Amino acid sequence: MSDRPILVLFYRDLRIGDHPALTAAVKANRPVVPLYVFDARSPGNWAPGGASRWWLHHALQQLDTELKDLGNRLVIRDGNIVETALTVADEVAADSIYFTRGYEPWWRTVETSLDQRGQDMGLAVKRFGGRLLLEPEEVTTKTGDPYKVYTPFWRSVSGRRLRQPVGPITSLKRPGRFKIKSLKVADLDLRPTAPNWARGFEPIWQPGRVGARAALESFVAERIAGYHEARDRPDISGTSRLSPHLHFGEISPAECWAAASAASAGLPNVGVETFLKEVVWREFSYHLLFHWPDLPEAPFRDQFAAFPWRDDDAALRAWQRGATGYPIVDAGMRELWETGWMHNRVRMIVASFLTKNLLLPWQAGEAWFWDCLVDADLASNAASWQWVAGSGADAAPYFRIFNPVKQGQTYDPDGSYVRRWVPELAKLASRHIHAPWEAPEAALQSADVRLGETYPKPIVDHKHTRDRALSAYATIKSQG
Ligand code: FAD
């Protein structure tokens with residue numbers, strides 16, 4: 001039996017539990033070289049944005065610590081992934097490369113090239129699952145086509161017996177004979193150059209496996225039962241906040257599925273089912289990206305290619321900075337800037353505002369989210385932006401244009417979410433907080449609000465811009 005090392009190439013699977021590639025390497029009972037290669041070039045426009053880089057810095061440190069606890073360590077390099085993996089394989093005389101499958105178009109070319117070039121060098125290149133509940137090829141309609149509609153996709157996924165997660169590995173042999181060069185995580189320069197920016201992230205997030213497990217456990221123990229009602233309220237902490245952990249693969253969807261299902265203990269539980277449906281929205285987004293790889297750039301529904309988007313830098317900047325004059329929109333955009341995350345309901349509100357009230361292209365919002373979100377994810381971000389814009393698969397009907405005032409009043413009824421993120425409105429009474437321009441002058445004065453000075457007047461009129469969006473849609477509707 002060979003005693004040559006196995007190279008395990010990490011990517012969006014930064015964990016030691018429920019990691020089929022790592023488990024297989026351990027079972028082979030051979031030395032393992034865990035490798036992470038940071039490649040800022042190959043993903044093109046989709047190299048990790050600022051907030052993701054901050055997260056990645058900490059997640060890699062955590063993974064290295066966990067591997068050290070197992071008697072090994074993470075080898076870190078930068079450069080082209082294929083070249084670097086093959087070089088390291090050669091340096092350590094590995095005879096195999098194992099890795100977890102990915103779905104981003106650029107990563108798929110990495111896999112193909114690694115497979116071909118590795119085989120040319122006599123290496124066994126093995127690909128494993130683990131990032132999704134089911135592989136895209138496994139979930140198809142009766143005619144063998146990919147699903148374009150969520151509900152039958154959900155039925156298909158939830159009706160199956162899914163893989164049970166495997167526990168964490170308990171030791172990982174390292175090769176004794178080689179001195180392997182490695183960068184330090186800090187050498188990758190992943191932390192923001194503006195040091196103050198990510199300061200707000202630190203108290204909120206715990207990147208890495210330990211933080212991921214803690215987030216899942218506390219959610220299942222404390223919040224999952226009420227999730228179906230609480231999940232729409234940005235003013236209360238009702239969701240799992242697992243998205244960055246899932247994105248970086250610090251926890252697998254199979255682990256989330258198993259923990260949530262166990263919580264229902266065989267009883268019908270609407271909270272558990274609603275949560276599982278959200279995990280399957282992530283899955284659906286990946287399936288869309290896999291089958292329509294230009295999803296992040298091009299509208300899923302062709303007719304939207306001719307949509308008359310506007311070009312308005314000042315409006316885009318006001319939206320990005322949380323200075324639109326619509327408090328729920330501004331609160332969301334500031335939460336995003338300060339914490340690297342935004343509540344799902346508010347993501348929908350700000351996305352509707354950008355694409356429908358401001359009539360700016362969804363790609364502009366997608367790009368801003370890409371840079372600012374700690375959970376920025378090519379599949380979920382693209383699919384969600386297209387869903388709100390109306391151009392996506394199974395998208396919201398175009399005429400569903402959120403009224404930001406009504407949305408605020410419904411989902412942040414006493415205004416505490418707005419007060420937290422837009423402190424200049426903090427003293428305003430709840431009945432005025434979502435539409436300060438309608439408040440009597442005396443109410444504004446006693447709350448120290450001077451519209452146009454301490455807080456912006458609305459940059460657009462909702463009714464007028466709603467009508468404008470509907471007539472823009474009418475111009476492309478007939479082409480459908
Ligand atoms: P929970 O409500 O606890 O849900 C559990 C998990 O299900 C999430 O962690 C996530 O992995 C998945 N999930 C939930 N909702 C969705 C959804 N609509 N689509 C896909 N997966 C979902 N999510 C990302 O992970 N990355 C993104 O870049 C991203 N961009 C978005 C952009 C827009 C415009 C919108 C409207 C939504 C976006 N989402 C994105 C989806 C969703 O907002 C987040 O996944 C969710 O808010 C994360 O919070 P949570 O972990 O507490 O979610």
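A quick note: this is a predicted structure, and the numbers were derived from the prediction, not measured. Whatever order the structure lists ligands and atoms in, that order sets their numbers, starting from 1.
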Inset, instruction - Starting from atom 35 (C) of ligand 1, locate the nearest protein heavy atom and write down its residue, its atom name and how far away it is, to 0.1 Å. - result: S384 CB, 3.3 Å
Legend entry - Nearest candidate to atom 51 (O) of ligand 1, where distance is taken over non-hydrogen atoms, out of I224, L216, L242: L242
Inset, instruction - Hey, can you tell me if W370 and W46 have their rings parallel, tilted or perpendicular (30° and 60° cut-offs)? - result: perpendicular
Legend entry - F128 and Y98 aromatic centres sub-6.0 Å: yes
Inset, instruction - Decide yes or no on salt bridge (charged side-chain N to carboxylate O under 4.0 Å, His left out) for R213 and E255, but give the supporting numbers first. - result: CA-CA 9 Å; R213 294 287 329 169; E255 290 179 293; 3.3 Å; yes
Legend entry - Location of contacts on W370 toward ligand 1, heavy atoms closer than 4.0 Å: neither
Inset, instruction - Determine, considering heavy atoms only, which of A230, A396, S243 sits nearest to atom 45 (O) of ligand 1. - result: S243
Legend entry - Min heavy-atom dist F284 to ligand 1 below 4.0 Å: no
Legend entry - Best match, Q386, E278, R347: closest heavy atom to atom 39 (N) of ligand 1: R347
Inset, instruction - Within a distance under 4.0 Å of any heavy atom of W341, pick out the atoms of ligand 1 and give their elements. - result: 48 (C), 49 (O), 52 (O)
Legend entry - Enumerated ligand 1 atoms positioned under 4.0 Å from heavy atoms of R241: 50 (P), 51 (O), 52 (O)
Inset, instruction - Using modelled atom types only, decide if a donor and an acceptor are shared between the side chain of D394 and the backbone of Y150 within a distance under 3.5 Å. - result: yes
Inset, instruction - Using a strict 4.0 Å cut-off to heavy atoms of W281, name the atoms of ligand 1 that fall inside it. - result: 17 (C), 19 (N), 20 (C), 21 (N)
Inset, instruction - Give me the one residue out of W106, F38, F99, Y36 that meets side chain to side chain contact (heavy atoms under 4.5 Å, CB included) with I81. - result: W106
Legend entry - Distance (rounded to the nearest 0.5 Å) between F353 CZ and N403 CG: 10.5 Å
Legend entry - Atoms of ligand 1 close to L246 [distance to a heavy atom under 4.0 angstrom, numbered from 1]: 9 (O), 11 (O)
Inset, instruction - May I ask you to identify the nearest protein heavy atom to atom 3 (O) of ligand 1, giving residue, atom name and distance to one decimal place in Å? - result: S240 OG, 2.6 Å
Inset, instruction - Would you mind listing which atoms of ligand 1 come within a distance below 4.0 Å of any non-hydrogen atom of A376? - result: 28 (O)
Legend entry - F219 contact mode with ligand 1 (heavy-atom cut-off under 4.0 Å): neither
Inset, instruction - Ignoring hydrogens and angles, tell me if any N or O in the side chain of Q62 forms a donor-acceptor pair with the backbone of G208 under 3.5 Å. - result: no
Legend entry - Nearest option to atom 26 (N) of ligand 1, as decided by whichever heavy atom of L373, I251, N344, D375 sits closest: D375
Legend entry - Polar atom proximity, W385 to ligand 1 (N or O, under 3.5 Å): no
Legend entry - Full working for side chain to side chain contact (heavy atoms under 4.5 Å, CB included) between E335 and W341: CA-CA 7 Å; E335 179 183 29; W341 186 86; 3.7 Å; yes
Inset, instruction - Give the residue, atom name and distance (to 0.1 Å) of the protein heavy atom nearest atom 32 (C) of ligand 1. - result: N381 OD1, 3.4 Å
Legend entry - Which segment of F369 sits under 4.0 Å of ligand 1 when only heavy atoms are counted: side chain
Legend entry - Y286, W281, F284 screened by ring-ring contact (aromatic ring centres under 6.0 Å, His included) with F153, the one that passes: F284
Inset, instruction - Just jot down the ligand 1 atoms closer than 4.0 angstrom to any heavy atom of M348, in number order. - result: 36 (C)
Legend entry - atom 5 (C) of ligand 1 - nearest protein heavy atom and its distance: F275 CE1, 3.4 Å
Inset, instruction - Among V346, T339, D330, L336, find the one that has a side chain to side chain contact (heavy atoms under 4.5 Å, CB included) with W421. - result: T339
Legend entry - M333 side chain near M342 side chain, heavy-atom distance below 4.5 Å: yes
Inset, instruction - Could you check whether the rings of W205 and H245 sit parallel, tilted or perpendicular, using 30° and 60° as the cut-offs? - result: perpendicular
Inset, instruction - State whether the number of non-hydrogen atoms from other residues, nucleotides or ligands found under 6.0 Å of R420 atom CZ is greater than 12. - result: no
Inset, instruction - Would you mind running through ligand 1 and noting each atom that sits below 4.0 Å from a heavy atom of V279? - result: 7 (O)
Inset, instruction - Name the closest protein heavy atom to atom 1 (P) of ligand 1, giving the residue it belongs to and the distance to 0.1 Å. - result: Y227 OH, 3.4 Å
